[in-house]
Each structure stands twice: as C-alpha cells, then as structure tokens.
Amino acid sequence: QFPLAFGKYSCGAWTEGGKFMYLRGSSLAHQPTADGENEEEEANTLYAYNFQRLKEEKLGENVADIHLSMDLRNMLVEIKERDSEDGEYYRVHVAGEKMPGEGDDDDDVDLDTPGPESGLLDISARIALEAVPAHEWAQIFDEACQHVQENYFDEQVGGVDWAETCRRYRELLPRLRSRSELTDLLAELLSEVGVSHMSVGDPEGDDEEDDPSGACPGTLGLQVSWHAIAGSGAYRVDRLTKGDTWDPRYSGPLARPGINVLEGSYIIAVNRIRVCREVSLEQMLADMSGTEVFVTVVPPEHAQRFAQVQGLLEKHGGRDGFRRMAAEQRKALEGGRAQDGKKKKKKKGKEAKKAAAKQAQAQAEKKLTSMLSSIGVNVDDGPIWRTLRVTAGSSSTQANATLRDSVEANLRHVHEATKGRVGYIFVPDSAELGFAEFSRYFGRECDHEALIVDLRCNEGGYISEMCLKQLRNIPLGWSVARPGRNRVTLCPDLCPPATLVLIIDENTSSDGECWAQNLKQLGLGKVVGVRTWGGVCDVGGASIDTIDGGWIDIPYQHYYMVGGTGFGLENYGVEPDVIVEWPPRLGGGFGPAEDPQLREAIKQAESMLQARPAQPEVPTKFPATRLHRRGQRRPAIGPAGGTAP
C-alpha cells in the first residue's frame, strides 16, 4: 500500500525500474447530464510513484491512455487536448520518465516536430492502408458471430440455433452498400438472441445524424413568446432556465450571476440586430454555441416606458426619422454659418463641420427629450434597455439546466403539497451521475418523515447495492445536547425515514430495475408507476471494438434474484404495487402538479404516514447522575432495553 490523492484512477502499469505509473482524473462527481454521451472526457494526468524515494512524480498532462513495450522500458502515450487543433496524437517516451515539455531543461525541445527528442509520431506520413469495405464488413460480421458463440453467458445462446441464424444473415452481406446497413444487419442478428444489452455501433464520426457542417446552434436558455408593441415587437421571456447557476456548463446563459435578467423581460436585439417575428432567436443564434453574443434586454419594470418610446418612434418614422431630424438641424446650422461667414472669422473646414454636427446633435437631443417628456418619460430615470454580453450555451447545456429545474420543481411541489413532511430525490441513473445526485439530496431529504425516490428514466448502472444499504439504515439512538445549544441528531447519521415510496416507469432499466425489485422484496416501501423496461443482464465485460472503429456489446452475465424472482426480471420488468399510467396529452407543457405518478406517490406516502405506529419520542429530561454517592442504586438495563426489576 502507498498513499495517493483522491481521484479517478486508470491504466496502472509497472516499469522496468520498479515505478508504478497510473492516470488520475478529477475527483469531482459528475453533474447532471440529460445525455451522458455529451459529457466531455476528463483530462487525465500521468503520474509515476517512485518507491525508492516514496514520492509521486508527475510525468505529463492530457493523457488518454498508455501502452508499455514488452520489456517495460518504453511507453506509447495517447494524448488528447481539447483546445488543440491536432486533437489526438501519439508520443513514445521512456517509461517512468517525464515527458518532453514537463522538465526544467526542455525549453529547447520543439514538441511539434516529430522525432526522438519530442517523441511525437507522424502516423499520417508513416502508415497508409488501403481497405476494401466489403471485406471489412465480412470480417466484422464473422467476428460478431464468433464473439456471441464464445462470450455470451449462455453456451446454448438461449436455445437459438446460432450457427444456422448466422448462416441466414450472412447471405445478405453481398447486398450491403454502406456501413450503416451493416450496423442494421448486425442489430437484427443480435436481436435473434432475445435479451437486453445487445448493441452495435458505427465508427466514430460516421454517424449520419451528425451535422455535416459541424454547426452547433446556440441557446440562451429561454422560453419566449412574441409580443407586438406599437407597430414593432419583442420576444418576451416567459420562462428562464436556471440550472446550477454557479457552473456555466449546467446553467442557462441569462441566469448566471451578474446577468440579472428576469422573467417578463423583453429581448429587442441580438448582436445589435433588431428581432422580428419572422426570425426566431434560434435562427439568430445559429452556429454560435460557446461564442459571446450581445443581447439587448428591456427589464419588466420598464416595459410600459419601452412601449411608449416605441409608439413615439413609430409616429416620427422610427430611428430613421430621428436621423433625418438631426441631419436637418445640422444643415440649418451650416446654412446659418455660411451667411455669417463674411462678418466672422473663418474657421477651418473640419472644425466648422464638427461644431455644426455637435450643435445639431445637442438640439436634436433636446427636442427628443422634450418629446419624451410629453409622453411622461423622464430621461433622468436612466436607460430603458441595456445590452448584455453573454456566452451562448449549447443544446447539451440547455438539456442539463432544464433537467435540474424540473428536479427542483418536483422537490418544491412535494414539500408544499405535504407541508414539509415528505422529501424527494430523483436518480437519473445508477452510475456516477446517479450516485452524485443521490448523495446531493439524501442528506437533507432524509430528515423528512417520508421519502419519495424517483427512478423514472433511470438508465441503469451499478450503485443500487450502495443506495439500498443506505435506505436500510435504522436509527439506533439520538445525540441529545442541552436544549437550545444544538439540534438533536440521529445515530447513525443520515438514516432514511421509515416510510419510502419508489416511482418507476417503462424507461426504468437495468440496475434501476434491480433497485426497485429489491426494495419490494425487502419490504422497505411501496412502488408506484408502470412496469419497467425488463433488461437486467450485465454488460461491459464482453465488449469488442471492430476493425473499422465500431463496437459490439453483448451481455456476459445474467442477474438472478432470490425470493422466487430468479431470472424473471429479464424481458418482463418490475411490476409496481400501484399502477399509474400517463394519460395521452396533446401539446402544452406540464408541471409537477399535473404529474399523475408523482401525485399518487405523495398520496401513498401520506396514507402510510397515517397508518404507521407512533415513533419513539426524543427524551427531553436527562437522568440523574452520581446516585451511588447518595446511597441510591442505579437501575440496571434489562435485556429488552428497559430497566430490570
């Protein structure tokens, strides 16, 4: 054993000199992500632990993977840099030694030139392969057939004549005309087995759904509606997506600290271009994800003044009308100066024009101020609108912030509907994200008398065992301080309430289903919703990469449950105790109050609270001490926790 900092570790390997190398990523938990595939890969740092000096040494940054030579002397390093145009490249270095650029004496090394000093490999110039797609597809098909035969958890392949099935599908190979057709063929082949977690994917970058132009639409995190104002109009902010406002990756751009945009505000321009009804904000923000944009906003309290100014502008020909008014003032002044030119000293031409323009501008502003005063608008009250400079978000940012807002809305609704008696936790999956969400909310929500755990759309994972252990905790006592000095706390800390309700739906899958079924069998609470997806096989241990960069996943373990369930969850799912389906709904949004499954979960929690037995009360009086000094006998503790006779 040797001491290491907290983090996410991978790629452990020994060197010939006895050093142990490893990659360490961020130790922070993942943030909510609507689509986990959109998460950015963490930048890992390569370290080596020197056992002779008992010290950790940093070897390099932005390392994605390492591979050692057979003699453990050299290593091939795969480097991924987010902000670099090169993206991914490879270097060869001495194993266990610092990479070029990390030492103090490496200032003269050109890291961008391939060679022994930099270790950079110029793969594009050294490797050239000619591939025949049809031959590759035949090889991939044969590998998939053999992979299922050798690594699928059931040697009998679920009773399917696998050799005959592969023969029938192989006859379609000559008819394939693209890689996506091969993917479809393999997906149909694997579906013959009839279990979950069988999947196949295209090579990276060959997804036909990707935008070929690479354009990423920007978003401001808003729901808007068009409002006509005095012949023109503006987009009114009906709803502002907030999210985690402290993190720009998981919050709406206009909800971040210092922006101060409120619901009810009006957006009148984007990038100095006036908005119109025919062009949406999404069109104006096309291909602007991650870039700075200028947004001109009218606060809600100035909406009436803005409408009055709009009417005044419309009455006098708009902005062009005021420009013409200023031009006419300037011409009049220049004409007057020309008539008095014989009597007065001539000024230089440029200075005269500047003076005339300045005076014309002042007179035009004075006239405009008078016109604004006539409609009750005082220019001393400050500007009616302001222009903000913000960074436009992406579709992933919008999805993450919307997810956080919906979770917080459900939590507030549960608290308000039950007057604070019931808590709420949403667990989006049973992996890193789900564990982070469970840990984020459990500490405060377990203090309520009942708890609702929402597993709808749970994408599965592997943490159900840890969460069930936490939910099975029972209070053993209290830590009681002097009244008014500290709050009474349970021992052990973070014990869940005795009343639990679980919500599931048809999208609850994999480990989320194991979570729900185990909670039912343990009798920890009630399950509300509809029957789950029905797929609990283990995947990940039998995954392969194809020769062209694609991938094939097959399950390598089945999940057997005690208590009579056996293998019954696969292809069937978990039956809820109370069935509540979503009714058909046409258009319009919905909130927590219109959620029938959440409504039923609240109802079940409240009824269970009424039916449960009275809970032991926290003692308010402390026992007398030092009884032996007064000749009194201390009462003995009986076997059941009471006093002995």
Side-chain angles (χ1 to χ4, degrees), residues 29-32 244 403-404 406-456 458 461 463-481 486-504 508 511-512 514-516 518-529 577 592 597-598 600-619:
H30 286 58
Q31 291 278 0
D244 292 331
L403 175 62
R404 172 64 64 212
S406 64
V407 171
E408 291 291 335
N410 286 349
L411 186 144
R412 288 192 301 270
H413 174 71
V414 172
H415 288 180
E416 294 171 359
T418 62
K419 298 181 180 179
R421 300 187 67 191
V422 182
Y424 174 84
I425 300 175
F426 174 71
V427 186
D429 64 27
S430 297
E432 293 96 334
L433 170 59
F435 188 70
E437 289 294 287
F438 184 82
S439 303
R440 172 173 177 164
Y441 287 97
F442 184 77
R444 68 180 186 183
E445 296 303 305
C446 68
D447 286 342
H448 299 274
E449 300 178 48
L451 180 63
I452 296 175
V453 180
D454 194 343
L455 293 184
R456 290 177 293 183
N458 186 287
I463 67 164
S464 63
E465 300 174 9
M466 294 183 285
C467 295
L468 283 170
K469 288 179 182 178
Q470 188 71 55
L471 294 175
R472 293 186 69 184
N473 276 349
I474 58 174
L476 304 177
W478 296 277
S479 296
V480 186
N486 202 354
R487 65 191 295 263
V488 177
T489 57
L490 280 173
C491 180
D493 195 11
L494 301 181
C495 282
T499 303
L500 292 175
V501 179
L502 207 67
I503 310 179
I504 58 176
T508 304
D511 195 51
C514 301
W515 186 339
N518 281 318
L519 186 135
K520 283 184 61 177
Q521 294 187 176
L522 293 172
L524 296 179
K526 285 190 176 182
V527 180
V528 174
D577 298 316
Q597 295 172 341
L598 183 60
E600 181 63 28
I602 294 174
K603 179 181 176 181
Q604 292 294 328
E606 291 179 329
S607 62
M608 293 167 66
L609 284 176
Q610 294 177 358
R612 76 175 185 179
Q615 302 298 306
E617 296 182 359
V618 179

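As a basis for the values below, the full set of heavy atoms in this structure was taken, side chains included, without hydrogen atoms, waters or symmetry mates.
- Between Ala605 and Thr499, the shortest heavy-atom distance links the atoms O-CG2, 4.0 Å.
- A salt bridge links Glu437 with Arg404: the distance from a Lys NZ or Arg NE/NH1/NH2 to an Asp or Glu carboxylate oxygen falls below 4.0 Å.
- The distance from atom CZ of Arg440 to atom CG of Asp244, rounded to the nearest 0.5 Å, is 4.5 Å.
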Next item on the list: Would you check, one step at a time, whether the test side-chain contact (heavy atoms from CB on, under 4.5 Å) holds for Leu455 with Trp515?
Entry: CA-CA 9 Å; Leu455 293 184; Trp515 186 339; 3.8 Å; yes
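- When all heavy atoms are compared, the tightest approach of Tyr441 to Ile425 is CB-CG1, 4.0 Å.
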Donor-acceptor list for residues 464-473 side chains, cut-off 3.5 Å, not counting sequence neighbours:
{"from": "Ser464", "atom 1": "OG", "to": "Asp511", "atom 2": "OD1", "distance (Å)": "2.8"}
{"from": "Ser464", "atom 1": "OG", "to": "Asp511", "atom 2": "OD2", "distance (Å)": "3.1"}
{"from": "Gln470", "atom 1": "NE2", "to": "Leu494", "atom 2": "O", "distance (Å)": "2.8"}

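- Taking the six-membered ring where tryptophan is involved, the planes of His448 and His415 are tilted, since the angle between them lies from 30° to 60°.
- When the options Leu502, Asp454, Val427, Asn458 are evaluated for a side chain to side chain contact (heavy atoms under 4.5 Å, CB included) with Thr508, the one that passes is Asn458.
- Minimum heavy-atom separation, Cys446 to Pro497: O-CD, 3.6 Å.
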Next item on the list: Evaluate the criterion side-chain contact (heavy atoms from CB on, under 4.5 Å) for residue pair Leu476 and Cys491; output intermediate values, then yes/no.
Entry: CA-CA 6 Å; Leu476 304 177; Cys491 180; 5.5 Å; no
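- Taking Phe435 as the reference, nothing meets the ring-ring contact (aromatic ring centres under 6.0 Å, His included) condition, with sequence neighbours excluded.
- Within the model, atoms CD of Glu408 and OH of Tyr424 stand 10.0 Å from one another, a figure rounded to the nearest 0.5 Å.
- Sorted by first then second residue, the side chain to side chain donor-acceptor pair (under 3.5 Å) pairs that include residues 601-614, not counting sequence neighbours, are Lys526-Gln604, Glu600-Gln604.
- Here the shortest heavy-atom pairing between Lys520 and Val527 reads CG-CG2, 3.3 Å.
- Heavy atoms only, all atoms of each residue included: Pro428 and Gly434 are closest at CD-CA, 4.2 Å.
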Next item on the list: Start with the C-alpha gap between Phe442 and Leu451, add the side-chain angles, then the distance that decides, and say whether side-chain contact (heavy atoms from CB on, under 4.5 Å) holds.
Entry: CA-CA 9 Å; Phe442 184 77; Leu451 180 63; 4.1 Å; yes
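- Proximity of Ile602 to His413: side-chain heavy atoms (C-beta onward) are separated by under 4.5 Å at one or more points.
- Distance check: Glu449 CD to Asp447 CG gives 11.5 Å after rounding to the nearest 0.5 Å.
- Between Val414 and Gly423, the shortest heavy-atom distance links the atoms CG1-O, 4.0 Å.
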